[in-house]
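We use all heavy atoms of the structure for the numbers below, so side chains are in, but hydrogens, waters and symmetry mates are not. Each ligand, and each atom within it, is numbered from 1 in the order the structure gives. All figures in this text were calculated on a predicted structure; none of them were measured in a lab. Heads up: numbering here begins at 1 and tracks the sequence.
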Amino acid sequence: MTDCVFCSIAEGKIPAKKLYEDEDVIAFYDVAPQAPIHVLVTPKAHVVSLNQADSLSDHVLAKLLRVAAQLASELGLKERGYRVVSNCGVDACQSVPHLHIHLVGGRAMGAELA
Ligand code: AMP
């Protein structure tokens with residue numbers, strides 16, 4: 001999609017510190033990390049948010065979580081834990097309208113979700 005920053009990253013048009021890529025999914029470090037480790041996992045297909053989950057196959061939706069868990073393990077987060085979040089829409093402060101999962105870890109977080 002034109003003018004979508006994550007589509008541009010997936011197409012290699014703008015740089016990102018990539019950690020994982022296959023035919024469906026790409027993962028890269030967040031440019032403004034909110035924790036020592038802050039990674040985004042996103043489908044390559046342009047889908048605005050989880051509101052459009054039906055536009056993706058179950059295979060790709062499952063892969064987003066599987067890749068997040070795999071990266072958490074590779075980045076040493078498995079033992080202490082981590083948080084996985086997907087902001088959807090205005091009330092959740094979603095700022096990039098391309099579905100993505102935040103993988104955040106490397107520090108203790110509060111019990112509250114918001
Ligand atoms: P959200 O507010 O949930 O939509 O999250 C969007 C995230 O994308 C934010 O944490 C931003 O820091 C991050 N972000 C925006 N542009 C880029 C970029 N070019 N490369 C990596 N992360 C980005």
Side-chain angles (χ1 to χ4, degrees):
M1 184 192 172
T2 323
D3 292 339
C4 170
V5 63
F6 291 171
C7 284
S8 296
I9 288 172
E11 292 163 7
K13 291 178 180 168
I14 65 172
K17 289 172 69 179
K18 291 180 194 172
L19 287 157
Y20 178 88
E21 182 170 11
D22 66 19
E23 67 276 19
D24 301 313
V25 166
I26 186 166
F28 49 90
Y29 283 107
D30 196 295
V31 76
Q34 295 186 30
I37 293 175
H38 187 167
V39 172
L40 302 174
V41 188
T42 183
K44 285 187 168 178
H46 185 79
V47 176
V48 171
S49 72
L50 275 176
N51 280 337
Q52 283 79 41
D54 285 349
S55 301
L56 292 174
S57 67
D58 289 354
H59 173 73
V60 173
L61 278 171
K63 193 186 279 189
L64 293 171
L65 283 177
R66 193 179 306 282
V67 168
Q70 178 184 318
L71 289 174
S73 179
E74 290 174 10
L75 293 166
L77 298 176
K78 203 169 173 180
E79 188 180 340
R80 290 282 304 172
Y82 52 88
R83 186 163 285 168
V84 169
V85 173
S86 187
N87 295 321
C88 177
V90 175
D91 276 0
C93 290
Q94 181 180 3
S95 62
V96 175
H98 181 130
L99 175 62
H100 52 283
I101 289 175
H102 296 258
L103 166 63
V104 184
R107 65 165 168 80
M109 284 168 256
E112 71 286 355
L113 284 177

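Between E11 and K44 there is no salt bridge, since none of the side-chain N atoms of the basic residue sits less than 4.0 Å from a carboxylate O of the acidic one.
Ring-plane geometry between H38 and H102 is classed as tilted, the angle between the planes lying from 30 to 60 degrees on a 0 to 90 degree scale.
Under a 3.5 Å cut-off, the side chain of Q52 and the backbone N or O of S49 do form a donor-acceptor pair.
Closer than 4.0 angstrom to ligand 1 by heavy atom are V5, F6, I9, F28, Y29, D30, V31, A32, L40, N87, C93, Q94, S95, V96, H100, H102, sorted by chain and number.
Residues meeting the side chain to side chain donor-acceptor pair (under 3.5 Å) test with Y20, sequence neighbours left out: D22.
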**Request:** In sequence, state the C-alpha distance, the side-chain angles, and the governing distance for H100 and S86, and then conclude on side-chain hydrogen bond (donor to acceptor under 3.5 Å, both in side chains).
**Result:** CA-CA 6 Å; H100 52 283; S86 187; 6.0 Å; no
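Among N51, N87, L50, the single residue meeting the side chain to side chain contact (heavy atoms under 4.5 Å, CB included) criterion with Q94 is N87.
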